[in-house]
2 protein chains.
Amino acid sequence: MSLHKSKDPYADRCPIRDVLERLGDRWSMLVLFTLEEGGTLRFSVLKSQIADISQRMLAQTLRRLEQDGLVSRTVYATVPPRVDYALTELGASFLKPMHGLLDWAKAHHQDVHAARRAYTAPEAIEAR
Amino acid sequence: MSLHKSKDPYADRCPIRDVLERLGDRWSMLVLFTLEEGGTLRFSVLKSQIADISQRMLAQTLRRLEQDGLVSRTVYATVPPRVDYALTELGASFLKPMHGLLDWAKAHHQDVHAARRAYTAPEAIEAR
DNA sequence: CTGAATCCGACGTGATACTG
DNA sequence: CAGTATCACGTCGGATTCAG
């Protein structure tokens, strides 16, 4: 989502924006779900499991999730360096309602696809 | 989210992307919630209720929601023209799990804000 | 291994003006 | 009233390069 940053006058009406703006990017959910599945994972493991994420975006995504308190980061002062990532309690609690959405998407994404295929643009109707 | 479009190799693992990519923009959720509250609403009413949305983005958002089958669009051939928008059953069913997220956000957005304030960038620690 | 820095193109969004 | 068209700008994300 580009739920871009904003001086949103609806923050009160839509407190969800405060949070979902940050999770609505290309990778956050995928990282969270991967951590949920895999438990504590190293940077390189996350990278390989998500596969098509770039190093840059994985690092950036993890920073934000860490900053929001959804993911914990543990650095080991070894050579080579090792960094473990895991869900925090807050992060795990977030995924619960998120699974509700996931279930909905699984159940209805075919309906959505069908609607997209059946859709005819308003203009196109009278265009000919 | 810029859950931008993508040739996503994780569509199977993350079917939620198919759907949430589209809902993850700046206005979709707000429009859906507004329709949930207000029932059937005209374009101008939606515009005034959301207030800071531009005509362009409202129209674009409604097109996408309509295309995905979440919102219905009814045109009356009157002068001046009148167009009603309302949630479809699919749209209403989507909002149910979405409220789970909303509740989480309401319950925890303070935790998130607290985490953000408490956060110190990794570099900043050893930077001085 | 785990990043950060930079360059760059693509897309989302807003402002404005125009139309049926 | 209910849109569409055009332009300009900002951010996101990918590729690449450099570093501890």
Side-chain angles (χ1 to χ4, degrees), chain A residues 1-9 17 21-31 41-67 71 73-85 121-127, chain B residues 1-10 17 20-31 40-66 71 73-85 121-127:
Chain A
M1 324 175 180
S2 288
L3 292 171
H4 293 291
K5 64 201 37 180
S6 62
K7 350 57 173 106
D8 193 341
R17 299 280 300 259
E21 269 183 4
R22 302 285 289 260
L23 290 320
D25 63 354
R26 189 152 167 47
W27 300 111
S28 292
M29 294 300 175
L30 212 42
V31 169
L41 297 176
R42 300 185 55 168
F43 185 90
S44 55
V45 176
L46 274 170
K47 173 113 177 54
S48 63
Q49 296 227 349
I50 302 186
D52 63 340
I53 194 174
S54 67
Q55 225 174 30
R56 178 180 184 269
M57 291 316 298
L58 179 56
Q60 185 179 110
T61 301
L62 287 168
R63 284 296 165 282
R64 291 211 266 232
L65 293 175
E66 184 196 1
Q67 185 177 2
V71 162
R73 179 172 181 267
T74 310
V75 182
Y76 298 90
T78 59
V79 179
R82 165 189 180 148
V83 182
D84 282 351
Y85 292 93
E123 326 89 71
I125 296 178
E126 51 194 358
Chain B
M1 328 178 173
S2 286
L3 291 171
H4 292 292
K5 63 205 33 185
S6 61
K7 352 55 175 112
D8 192 342
Y10 291 94
R17 299 280 300 258
L20 296 198
E21 269 183 5
R22 302 283 288 260
L23 291 320
D25 63 356
R26 190 150 166 50
W27 300 109
S28 292
M29 295 299 175
L30 212 42
V31 169
T40 301
L41 298 176
R42 301 184 56 170
F43 185 91
S44 56
V45 176
L46 274 169
K47 173 110 178 57
S48 65
Q49 295 229 349
I50 302 185
D52 64 338
I53 194 174
S54 67
Q55 220 172 33
R56 178 180 183 271
M57 291 315 299
L58 179 55
Q60 184 179 112
T61 301
L62 286 169
R63 285 293 165 283
R64 290 210 268 231
L65 294 175
E66 185 197 359
V71 163
R73 178 171 181 268
T74 309
V75 182
Y76 298 90
T78 59
V79 179
R82 167 192 178 141
V83 182
D84 281 352
Y85 292 93
E123 325 88 72
I125 297 176
E126 52 194 357

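Note on naming: letters A, B, ... go to the chains in the order of the sequence lines (proteins, then strands), and numbering restarts at 1 for each one.
With sequence neighbours excluded, the residues that form a side-chain contact (heavy atoms from CB on, under 4.5 Å) with B/Thr40 are B/Asp84, B/Ala86. Residues meeting the salt bridge (charged side-chain N to carboxylate O under 4.0 Å, His left out) test with B/Arg64, sequence neighbours left out: B/Asp25. For the side-chain contact (heavy atoms from CB on, under 4.5 Å) test, residues two or more places apart in sequence or in another chain that qualify with B/Arg73 are A/Pro122, B/Arg63, B/Glu66, B/Val75, B/Val83, B/Tyr85.
Of the two residues near DNA chain D, A/Arg64 and B/Phe43, the one whose nearest nucleotide lies more 5' is B/Phe43.
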* To do: Summarise how protein sits on nucleotides 14-20 of chain C as a single string, 5' to 3': B when a protein heavy atom is under 4.0 Å from the base, S for sugar-phosphate-only contact, - for no contact.
  => BB----B

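The phosphate of C/dG3 has neither OP1 nor OP2 within less than 4.0 Å of any side-chain N or O from A/Arg82. Taking side-chain N and O atoms only, A/Arg42 has no distance below 4.0 Å to OP1 or OP2 of C/dC1.
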* To do: Apply side-chain contact (heavy atoms from CB on, under 4.5 Å) to A/Arg82 and A/Phe43, showing your working.
  => CA-CA 8 Å; A/Arg82 165 189 180 148; A/Phe43 185 90; over 6 Å; no

* To do: Given side-chain contact (heavy atoms from CB on, under 4.5 Å), test A/Leu46 with A/Leu62 step by step and report yes or no.
  => CA-CA 10 Å; A/Leu46 274 170; A/Leu62 287 168; 4.0 Å; yes

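Helix-axis bend for the helix from C/dC1-D/dG20 to C/dG20-D/dC1: the local axis fitted to the five terminal pairs at one end deviates from that at the other end by 40°, rounded to 10°.
Heavy atoms of B/Tyr85 sit under 4.0 angstrom from primed sugar atoms or phosphate atoms, though from no base atom.
Computed from coordinates, the A/Leu46 CG to C/dC1 P distance equals 14 Å when rounded to whole Å.
Checked against D/dG13, D/dC1, C/dG3, the side chain of B/Ser44 finds its nearest nucleotide in D/dC1.
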